[in-house]
Q: 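Pasting in a structure now, in structure tokens, and then I'll have a few things to ask.
Nothing here was measured: the structure is a model prediction, and the numbers come from that model. Naming convention: chains lettered A, B, ... in sequence-line order (proteins, then strands); numbering from 1 in each chain.
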2 protein chains.
Amino acid sequence: MGHSKDDKAESHERIVSVAAERIRESGTESPGVAEIMRAAGLTHGGFYKHFTNREELINEAVEHAMRENETDAAQVVSGADDPLAAFADWYVSTAHRDDPAHGCGVAALCTDVPHLGRPAQESYRAQVERYLARLQGLLASDDPDVRSRANVTLSAMVGAVMIARGLGATDRSDELLRDVLEAIQERRLLPPGRHVDGRREPK
Amino acid sequence: MGHSKDDKAESHERIVSVAAERIRESGTESPGVAEIMRAAGLTHGGFYKHFTNREELINEAVEHAMRENETDAAQVVSGADDPLAAFADWYVSTAHRDDPAHGCGVAALCTDVPHLGRPAQESYRAQVERYLARLQGLLASDDPDVRSRANVTLSAMVGAVMIARGLGATDRSDELLRDVLEAIQERRLLPPGRHVDGRREPK
DNA sequence: ATTATCTATAGATCTATAGATAATGC
DNA sequence: ATTATCTATAGATCTATAGATAATGC
């Protein structure tokens, strides 16, 4: 047993980190307090010295899952010849499909977030904004429709990984990921005739 | 109490139909047997005369959710001036975002399916195939890359609805849906320079 | 007589709490 | 003395079962 304040901070971090993995793998409802504490090397009784209730842990775990992934993204694009291609390569991959526990929280938690409280929804929204800001930077900046294109690109990336996860590690799943990756890397999501009037009217 | 064989068949259908709604709204783990039976106007005790266990219901409910949505899709495109535009309009919409219970099972259940058994995974896979077959029919048929384009289009459609659900009914969410809808309707997901060599090498 | 549904409940699991234990840190 | 963690357990909830009830259908 360790009982210093540092130990407690380490324990807290470990619980949140483990929970962030489990909820991306099995959803926010599935893993129990006892299971998460066991995975963190602790017993379930001590849990309530760290969190007022389970929901508080889930909120911290959602925020952790979102930010953890974002730091990975920054490393991937830094110093790449084609940063957009590197970003897409990292995201739209079989490795990402097969390891949701350490992957994108926007993809893994999209179905859970509507049933969670404000803090988790805000963590989700903020991470979508960070992805969109990053994509706008990676797409040609002289395009009046960068934001629209970032929305389309993010949708295709997230959708591909989600459908691929539903299909499992099959040839069909691999093919879908590869087709979406190529479409992004070859800039096929660009408008064929450029729009010069900026944002169009919503129908 | 009604006790005829017809009544039982109706009860069975009602239980599966209600379950198909609840699992798309809250995931396959969340709704309990008692809750589903109550929503079907029955008590929980009779459940096991219809299903050997909860998992069997979930399998039937997943299959039901997938097929129900597919018949809606067929109606939407039939007789439309621009069937692809009509299909995208129906799928990439705020109405679809705000009503997962009656919406696409591929979107609603993608995170649950990997944790379910073979039958549910097969239902999921089959519905992805039906969507892709439909999209290949709606996209220009003289294109050697229709299949690739169907994969990209489906990913963008599903991804847009999933992210939009995570964001909730906000301006940002509406904008994302509108941008993806326009990209599909204006055929912006087409390659700018056509590829005549068919399928390219996987890198 | 058969059977679809209902009432009641057993057994398992989960969140949260209470009190004990064994370190830390003034 | 304080407190981080552990053991034990209360109370709620969930799946599944058993036996009772009240219709159907030969």
Q: Tell me: NE2 of A:His44 to P of D:dT7, nearest whole Å?
A: 9 Å
Q: Return the value, rounded to whole Å, for the distance between atom CD of A:Glu35 and atom P of C:dA12.
A: 19 Å
Q: Tell me the interatomic distance from B:Ile15, atom CD1, to C:dA4, atom C1', rounded to whole angstroms.
A: 11 Å
Q: What integer distance in Å separates A:Phe47:CZ from D:dA4:C1'?
A: 15 Å
Q: Could you check how far CZ of B:Phe51 sits from P of C:dT5, rounded to whole Å?
A: 11 Å
Q: Using a 4.0 Å heavy-atom cut-off across all strands, classify A:Gly45 as base, sugar-phosphate, or nothing.
A: base
Q: CZ of B:Arg54 versus P of D:dT15: gap in Å, rounded?
A: 5 Å
Q: Do the charged groups of B:Asp82 and B:Arg187 touch, with an N to O distance under 4.0 Å?
A: yes
Q: Ignoring backbone atoms, test whether B:Tyr48 places a side-chain nitrogen or oxygen under 4.0 Å from the OP1 or OP2 oxygen of D:dT17.
A: no
Q: Who is the Watson-Crick or G-U wobble partner of C:dT21, with both distances under 3.5 Å?
A: D:dA4
Q: Look at the side chain of A:Leu42 and decide which nucleotide, out of C:dT5, D:dA16, D:dC6, has an atom nearest to it.
A: D:dC6
Q: Between B:Val180, B:Asp179, B:Leu177, B:Val158, which is the residue that forms a side-chain contact (heavy atoms from CB on, under 4.5 Å) with A:Ser155?
A: B:Val180
Q: How do A:Gly46 and A:Ala34 order along DNA chain C: which one's closest nucleotide is nearer the 5' end?
A: A:Ala34
Q: Looking only at side-chain atoms of B:Thr43, point me to the closest of C:dT15, C:dT7, D:dT5.
A: C:dT7
Q: Tell me which nucleotide, if any, is Watson-Crick or G-U wobble paired with C:dA16 when both distances must be under 3.5 Å.
A: D:dT9
Q: So, for B:Met162 and B:Cys110, which heavy atoms are closest and what is the spacing to 0.1 Å?
A: SD-SG, 3.6 Å
Q: Is a salt bridge present between A:Arg38 and A:Glu35, judged by a nitrogen-to-oxygen distance below 4.0 Å?
A: no
Q: Check whether any side-chain heavy atom of B:Val161 lies under 4.5 Å from a side-chain heavy atom of B:Cys104, and answer yes or no.
A: no
Q: Counting just side-chain N and O atoms, does B:Ser11 come under 4.0 Å of either OP1 or OP2 of C:dT5?
A: yes
Q: In whole angstroms, how far is the C1' atom of D:dT7 from the NZ atom of A:Lys49?
A: 14 Å
Q: Considering just the side-chain nitrogens and oxygens of A:His50, establish if one lies under 4.0 Å of OP1 or OP2 belonging to D:dT5.
A: yes
Q: Round to the nearest Å and state the distance from B:Arg38 atom CZ to D:dC14 atom C1'.
A: 12 Å
